[in-house]
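The block underneath contains the structure these notes are about, expressed in structure tokens.
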Amino acid sequence: MNEFDLYPDDTGGFDVRVDGRFLRDILSEAQGERFPFIPLLRRSLSRHALEAQLQRFSGDAPGEFYPHRVWLYFCPVCFDEGCGGVSVNIQTSGEHVIWSNFCFDSEPEEGETEQGLLEEDDALLAVRPLIFDRTKYLAAVTALGNDLLGRHRI
């Protein structure tokens with residue numbers, strides 16, 4: 001079981017911490033070079049976009065492009081998904097939240113399927129699935145939502 005939390009990072013966003021390490025650093029290590037993207041969770045997001053992203057993290061809303069994939073990081077220059085980023089498959093199962101199939105991707109082209117995305121060279125195969133305690137995971141997501149949205153429920 002992995003430990004999950006969300007912390008401010010050096011890009012002005014909020015990054016996932018897995019077992020005390022920023023996920024961005026784990027992905028950089030897996031890729032063998034400094035990770036070029038920044039977290040999508042940011043104070044500068046519109047209220048609507050922030051609520052939608054927190055709902056995706058919680059498993060209460062489908063991913064923007066594929067139902068089971070959630071964007072975590074995007075281009076720091078243009079802030080456009082079409083430029084590229086990293087997404088993950090997030091599943092809730094009983095007492096667990098499972099993150100798997102980390103992948104570099106961009107806005108899908110017409111006819112592109114989620115399965116096709118995972119078969120490409122862009123899959124981050126060196127990053128193993130992460131399994132989180134669902135109660136602690138949802139508490140961390142809710143706490144960040146409360147802080148960023150200034151209310152008691154997301």
Side-chain angles (χ1 to χ4, degrees), residues 1-46 49-93 95-108 114 117-149 154:
M1 185 86 55
N2 301 98
E3 292 294 320
F4 176 91
D5 215 335
L6 293 157
Y7 281 88
D9 72 355
D10 62 358
T11 72
F14 292 85
D15 199 0
V16 173
R17 285 183 56 108
V18 177
D19 301 330
R21 294 182 61 207
F22 281 118
L23 180 58
R24 188 170 172 224
D25 294 336
I26 294 169
L27 296 173
S28 292
E29 187 177 288
Q31 181 161 337
E33 62 184 73
R34 182 72 180 144
F35 195 64
F37 302 111
I38 60 174
L40 186 58
L41 280 174
R42 324 189 66 66
R43 287 189 190 279
S44 60
L45 283 178
S46 71
L50 185 57
E51 287 174 338
Q53 185 67 354
L54 291 167
Q55 288 173 344
R56 290 181 196 112
F57 265 64
S58 298
D60 295 333
E64 187 172 359
F65 300 116
Y66 301 109
H68 302 291
R69 297 202 65 76
V70 176
W71 276 73
L72 301 175
Y73 301 96
F74 64 101
C75 175
V77 177
C78 66
F79 305 110
D80 182 6
E81 291 91 350
C83 188
V86 172
S87 66
V88 66
N89 183 12
I90 298 180
Q91 295 176 291
T92 55
S93 172
E95 298 175 1
H96 303 106
V97 175
I98 303 163
W99 286 24
S100 61
N101 299 323
F102 290 86
C103 186
F104 290 109
D105 58 19
S106 60
E107 192 170 346
E114 184 174 346
L117 175 73
L118 299 175
E119 292 172 357
E120 296 178 9
D121 294 335
D122 294 334
L124 290 162
L125 301 174
V127 181
R128 61 182 170 71
L130 303 171
I131 302 171
F132 306 110
D133 175 273
R134 188 174 184 176
T135 301
K136 292 177 182 177
Y137 174 94
L138 291 175
V141 172
T142 300
L144 180 62
N146 290 342
D147 178 47
L148 294 179
L149 296 170
I154 60 169

- Given the rule in the side chain to side chain contact (heavy atoms under 4.5 Å, CB included) test, do D25 and R34 qualify, once you have shown the distances and angles that lead to the verdict? CA-CA 8 Å; D25 294 336; R34 182 72 180 144; 3.2 Å; yes
- Query: For D5 and V16, what are the C-alpha separation, side-chain angles and deciding distance, and is it a side chain to side chain contact (heavy atoms under 4.5 Å, CB included)?
  - Reply: CA-CA 6 Å; D5 215 335; V16 173; over 6 Å; no
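Among all heavy-atom pairs drawn from T92 and S58, the shortest one is CG2-O, 4.2 Å. Closest of all the heavy-atom pairs between G145 and L54 is CA-CD1, 3.4 Å. A pairwise comparison of heavy atoms in L41 and L45 identifies CA-CD1, 4.3 Å as the closest pair. Taking all atoms of both residues into account, the shortest heavy-atom contact from L40 to W71 is CD2-O, 3.8 Å. Looking at every heavy atom in both residues, N2 comes nearest to P129 through OD1-O, 4.4 Å.
In this structure, R24 contributes its side chain and F37 its backbone to a donor-acceptor pair below 3.5 Å. A donor-acceptor contact shorter than 3.5 Å links the side chain of S46 to the backbone of A49. Side-chain atoms of R56 never come within 3.5 Å of backbone atoms of I90 as a donor-acceptor pair (strictly under, hydrogens ignored). Side-chain atoms of D9 do not come within 3.5 Å of backbone N or O of P39 as any donor-acceptor pair. Remark: the backbone N or O of G20 is paired with a side-chain donor or acceptor of R17 at under 3.5 angstrom. Looking only at distances, a side-chain donor or acceptor of R69 sits under 3.5 Å from a matching main-chain atom of S87.
Looking at heavy atoms from C-beta onward, R128 lies out of side-chain contact with I26 at the 4.5 angstrom threshold. Residues L27 and L72 have side chains not in contact (no heavy-atom distance under 4.5 Å, counting atoms from C-beta outward). N101 places none of its side-chain heavy atoms less than 4.5 Å from the side chain of H68. Using a 4.5 Å heavy-atom threshold, the side chains of E95 and T135 count as separate. The side-chain heavy atoms of H96 and M1, taken from C-beta on, include a pair separated by under 4.5 Å. Under the 4.5 Å side-chain criterion, counting only non-hydrogen atoms from C-beta, L130 is in contact with L23. Two residues are said to be in side-chain contact when any heavy atoms from C-beta on lie closer than 4.5 Å; F22 and D10 fail this criterion. Annotation: side chain of Q53 is in contact with side chain of V70 (closest heavy-atom distance under 4.5 Å).
Separating the CG atom in L125 from the SG atom in C103 is a distance of 9.0 Å, to the nearest 0.5 Å. To the nearest 0.5 Å, atoms CZ (F14) and CG (L148) are separated by 4.5 Å.
Scored by the ring-ring contact (aromatic ring centres under 6.0 Å, His included) test, F132 finds F4, W99, Y137 as partners (sequence neighbours excluded).
Contact check on R42 versus D15 returns no salt bridge, with no Lys/Arg side-chain nitrogen under 4.0 Å from an Asp/Glu carboxylate oxygen.
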